[in-house]
Protein chains: 2
Amino acid sequence: MGVRKERSADTAAALKEAAKRQFVERGYLNTKITDITAAAGRATGSFYEHFASKDDLLRELEAELHEQAGAGILEQHPADHDLTNPEHLRAHVAAAWNTMQANLPVVIALYESAIATGEDPGRLWQELVTSTGTLREHLEDLRRQGRSLPGDPQLVAAAMGALLSSLGYALLRADDAGFSDEEVIDTLTRLLLTGLSGAE
Amino acid sequence: MGVRKERSADTAAALKEAAKRQFVERGYLNTKITDITAAAGRATGSFYEHFASKDDLLRELEAELHEQAGAGILEQHPADHDLTNPEHLRAHVAAAWNTMQANLPVVIALYESAIATGEDPGRLWQELVTSTGTLREHLEDLRRQGRSLPGDPQLVAAAMGALLSSLGYALLRADDAGFSDEEVIDTLTRLLLTGLSGAE
DNA sequence: GTCTATATACAGATAGAC
DNA sequence: GTCTATCTGTATATAGAC
């Protein structure tokens, strides 16, 4: 209360915001601690008063993202069920796309971070599996209802997740690709729903 | 001729082979020059007698890959045409998958290198566009024949490419995912052909 | 051309004054 | 808590003997 200058209001928050901007501009891996502090108008040393490392900061951003509306990048979905219903599927795709877009800085950072971690080569697959958990369950429901799927629910779910995240990463960073969000969502919905053969 | 010891036969080739092995084991970004030279049984300094940098080495590997049978990662395809024919599509998917697998070290390296280059944020999208060029042409052919596609050929082609490369990267590095190549190829074929709704 | 030893560059992290 | 200055660790790259 009564604080005029916001400069020192909350440095941690300022650093987080600056970091997000940098992640979009330069990518996570290319962003240095000094880029973040400079963008936030703080000194280098101040960073470590609030975060132990760049990865630590990312984990906090990730936690914030997960807190918000329990929305996992690819898990969020509206009412739900019956992915073979065009409206439902479209809503699902739109939710995933919009979530990705709304949290682009963190999505970018997590993606790059996962790639760069050469330690555990299977980590990306694991993250893909966990991030598409609810999607897999929906597919398993479908299968139980006697519908035939293109393949193992886990594999299909992972494929859909890979498609969304990968295309999203490439497309959302290139702001001049020339496709509107709506067009992307519509196209992906149709592709996932009826494939290349079309509905008929 | 008449050389007994192969050790000094061709250091450049030895370094390339060692690099490929390291790229698979540790990932490209995590592989240090010293990892490569050590794996090749050479001294650190020798590396620079043959390559200007790690990126330079990667570009040579990339060139080699492109020389072989003019096979772009996702461009290779058999006879061709009519992607709505199950056998043709499957052959196409299989070719892409097998090419990716056969050149896994370079695929991994190029992928990680593209991600890490925060300089040009649109580079990944550009690479996606160029690597799916022939696929896009096929789709345009289909459209000219009056068939309805899920969306713009460029966007659909890019989506397919993103699906293949991203899932391939995740899956081929995790050797314990539990899916055979055949199962993956079959599943992707069906997903791309008829989507979640199935053929009927 | 290959080696060992060393130099350069720089990001990450810390120390200590304020 | 924030700052400036500095240290450390590490990867890239070079120098110079063989």
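Quick caveat, the model's predicted, so the values are computed rather than measured. Throughout, protein chains are lettered first and strands after them, A, B, ... in sequence-line order, and every chain is numbered starting at 1.
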Ignoring the backbone of [X], work out which of [options] is nearest its side chain.
X	options	value
B:E49	C:dA13, C:dT2, D:dT2	C:dT2
B:S46	D:dT2, D:dT14, C:dC3	C:dC3
A:T44	C:dC3, D:dA13, C:dA13	C:dA13
B:Y48	D:dA13, C:dA13, D:dT2	D:dA13
A:A43	D:dC3, D:dT12, C:dT14	D:dC3
A:K32	C:dA11, C:dG1, C:dA13	C:dA11
B:S53	C:dG12, D:dA13, C:dG1	D:dA13
B:T11	D:dT2, D:dT12, C:dG1	C:dG1

Would you kindly give the [atom1]-to-[atom2] distance between [X] and [N], to the nearest whole Å?
X	N	atom1	atom2	answer
B:L29	D:dT10	CG	C1'	16 Å
A:D56	C:dA13	CG	P	10 Å
A:F51	C:dT14	CZ	C1'	18 Å
A:L57	C:dG12	CG	C1'	14 Å
A:D55	C:dA11	CG	P	18 Å
B:I36	C:dT2	CD1	P	15 Å
A:H50	C:dG12	NE2	P	17 Å
A:F47	D:dC3	CZ	P	14 Å

### Query
Does A:K54 count as lying over the ring of A:Y28, i.e. NZ or CZ under 6.0 Å from the six-ring centre, within 45 degrees of the axis?
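Yes, A:K54 lies over the aromatic ring of A:Y28.
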### Query
Base, sugar-phosphate alone, or nothing: which one does A:T34 contact when heavy atoms must sit under 4.0 Å apart?
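It contacts nothing in the nucleic acid.
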### Passing option when A:L196 is tested against B:L89, B:L191, B:L142, B:T194 for side chain to side chain contact (heavy atoms under 4.5 Å, CB included)
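Answer to the side chain to side chain contact (heavy atoms under 4.5 Å, CB included) test with A:L196 among B:L89, B:L191, B:L142, B:T194: B:L89.
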### Query
Are the charged groups of B:R21 and B:E17 less than 4.0 angstrom apart, N to O?
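Salt bridge: no.
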### Geometric class of the B:F179/A:W125 ring pair [parallel <30°, tilted 30-60°, perpendicular >60°]
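It falls in the perpendicular class, over 60°.
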### Query
Just one of B:R143, B:R136, B:H138 clears the side chain to side chain donor-acceptor pair (under 3.5 Å) bar with B:E140, so which one?
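Among B:R143, B:R136, B:H138, the one meeting side chain to side chain donor-acceptor pair (under 3.5 Å) with B:E140 is B:R136.
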